Amino acid sequence: MLVTLDAPYVDTSAADLSLARDDAERSALHVLDLDLPGAIRLELRLLGASHQVVLRAGDVVLTETVACLPGRPPELPATVLDEAAGYRFAATVLRPPPAGLRDRVAALRAELADDAFALVGVFPGDADAVTALAVRPEPGGGAVAWRTWHAYPQTNELVLTETVVTLR
């Protein structure tokens with residue numbers, strides 16, 4: 001699902017992002033509610049130029065926020081592995097060659113625009129200022145997985161994240 005957001009572009013660069021788990025639900029610009037097989041409910045939430053995912057499955061409630069978080073030092077880890085919680089996270093910051101960001105964002109928008117398991121938020125003023133989230137509805141092995149993209153045209157950065165949660 002492709003949505004045009006009526007909000008100013010908030011984040012400034014990849015260096016300003018933090019990861020918070022089990023964060024409070026934050027005010028969202030747009031929310032996509034998904035019901036997945038196995039009584040799994042996901043909320044994909046666009047926060048400014050950031051994201052939040054809320055996972056509910058039985059007794060499990062997990063919240064992942066990647067954003068500029070007031071009061072928290074900016075630190076986006078390359079990997080997080082919490083075996084006890086069944087949580088795996090990876091983040092990569094790309095700095096494409098000139099025009100590379102525009103091409104990647106255009107391809108991403110085209111790929112996810114009509115995907116029922118994806119949410120792409122486009123910010124006013126720059127077609128390349130997007131935040132996107134996409135769920136793999138059935139990754140197998142009792143897991144739920146999602147990917148996100150945060151595009152920062154002003155710094156020519158694309159932040160990619162991938163999360164897998166194994167439900168027990």
Side-chain angles (χ1 to χ4, degrees), residues 1-34 36 40-57 60-82 85-96 101-102 104-105 108-109 111-113 115 117-136 144-165:
M1 171 190 298
L2 183 66
V3 296
T4 300
L5 302 169
D6 183 23
Y9 193 61
V10 177
D11 294 344
T12 58
S13 72
D16 296 328
L17 295 174
S18 295
L19 168 68
R21 291 176 43 208
D22 299 324
D23 193 26
E25 288 187 34
R26 296 182 176 264
S27 178
L29 300 173
H30 196 88
V31 178
L32 177 61
D33 290 312
L34 297 171
L36 303 178
I40 298 168
R41 183 154 180 83
L42 274 180
E43 290 180 19
L44 305 181
R45 304 168 63 82
L46 292 173
L47 314 174
S50 308
H51 84 264
Q52 185 173 62
V53 176
V54 179
L55 165 69
R56 291 181 177 87
V60 174
V61 178
L62 179 138
T63 304
E64 172 189 276
T65 307
V66 172
C68 296
L69 299 170
R72 180 181 284 249
E75 180 183 350
L76 186 63
T79 59
V80 173
L81 178 59
D82 181 344
Y87 179 85
R88 186 178 63 205
F89 172 89
T92 304
V93 179
L94 302 176
R95 291 172 184 86
L101 182 67
R102 174 163 283 126
R104 287 185 146 216
V105 170
L108 179 67
R109 288 172 58 156
E111 176 187 345
L112 299 179
D115 186 334
F117 295 96
L119 179 58
V120 180
V122 181
F123 292 85
D126 191 332
D128 296 332
V130 302
T131 297
L133 302 95
V135 175
R136 292 187 308 188
V144 179
W146 58 86
R147 296 178 300 159
T148 73
W149 299 261
H150 300 245
Y152 299 97
Q154 72 278 15
T155 57
N156 193 49
E157 296 173 309
L158 183 62
V159 179
L160 312 172
T161 74
E162 184 167 3
T163 302
V164 177
V165 178

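All figures in this text were calculated on a predicted structure; none of them were measured in a lab.
Minimum interatomic distance between Val105 and Ala151 (heavy atoms only, all atoms of both residues): CG2-CB, 3.8 Å. Ser50 and His150 get closest at one heavy-atom pair: CA-CE1, 3.5 Å. Across all their heavy atoms, Val80 and Leu19 have their closest contact at CG2-CD2, 3.8 Å. Arg26 and Gln52 make their closest contact through N-OE1, 3.1 Å (heavy atoms, listed as atom of the first residue, atom of the second, distance). The two residues Trp149 and Ala134 make their nearest non-hydrogen contact at CZ3-CB, 3.8 Å. The shortest heavy-atom contact between Leu47 and Ala28 is CD2-CA, 3.9 Å.
Salt bridge Arg56/Glu25: present, at least one basic N to carboxylate O contact under 4.0 Å. Contact check on Arg88 versus Glu162 returns no salt bridge, with no Lys/Arg side-chain nitrogen under 4.0 Å from an Asp/Glu carboxylate oxygen.
For the pair Leu42 and Val54, the minimum side-chain heavy-atom distance is 4.5 Å or more. Two residues are said to be in side-chain contact when any heavy atoms from C-beta on lie closer than 4.5 Å; Phe117 and Leu112 fail this criterion. Two residues are said to be in side-chain contact when any heavy atoms from C-beta on lie closer than 4.5 Å; Leu101 and Leu158 meet this criterion. Considering only heavy atoms from C-beta on, Leu133 comes within 4.5 Å of Leu46 through its side chain. When side chains are defined from C-beta on, Val53 does not count as touching Thr163, because their heavy atoms never get closer than 4.5 Å. Residues Leu17 and Val159 are in side-chain contact: their nearest non-hydrogen atoms beyond the backbone lie under 4.5 Å apart. When side chains are defined from C-beta on, Phe123 does not count as touching Val130, because their heavy atoms never get closer than 4.5 Å. You'll find the side chain of Val120 stays beyond 4.5 Å of the side chain of Leu108, heavy atoms only.
Judged by distance alone, with hydrogens and angles left aside, the side-chain atoms of Glu75 form no donor-acceptor pair with the main-chain N or O of Ala15 at under 3.5 Å. A donor-acceptor pair under 3.5 Å links the side-chain atoms of Ser18 to the main chain of Pro73, judged by distance alone. A donor-acceptor pair under 3.5 Å is formed between the side chain of Asn156 and the backbone N or O of Pro96. Between the side chain of Arg45 and the main chain of Thr65, no donor-acceptor pair closer than 3.5 Å is present.
Leu32 CG to Met1 CE: the interatomic distance, rounded to the nearest 0.5 Å, is 5.0 Å. Here CZ of Arg104 is found 13.0 Å from CG of Asp128. Values are rounded to the nearest 0.5 Å. Note that CG of Leu44 and OG1 of Thr131 are 12.5 Å apart. Values are rounded to the nearest 0.5 Å.
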Evaluate side-chain contact (heavy atoms from CB on, under 4.5 Å) for Leu81 paired with Tyr87, printing each intermediate quantity in order. CA-CA 6 Å; Leu81 178 59; Tyr87 179 85; over 6 Å; no
Pair Val66-Leu76, side-chain contact (heavy atoms from CB on, under 4.5 Å): steps then yes or no: CA-CA 8 Å; Val66 172; Leu76 186 63; 4.0 Å; yes
side-chain contact (heavy atoms from CB on, under 4.5 Å) for Leu160 and Thr148? Distances and angles first, verdict last. CA-CA 6 Å; Leu160 312 172; Thr148 73; over 6 Å; no
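Applying the side chain to side chain contact (heavy atoms under 4.5 Å, CB included) test between Leu55 and each of Ile40, Val135, Leu36, Val61 identifies Ile40 as the sole match.
In this view, Thr63 satisfies the side chain to side chain donor-acceptor pair (under 3.5 Å) rule with no residue, not counting sequence neighbours. In this structure, the salt bridge (Lys or Arg N to Asp or Glu O under 4.0 Å) partners of Arg21, at least two apart in sequence or on a different chain, are Asp82.
Between His51 and Glu64, the side chains place a donor N or O and an acceptor N or O closer than 3.5 Å (distance only, hydrogens not considered).
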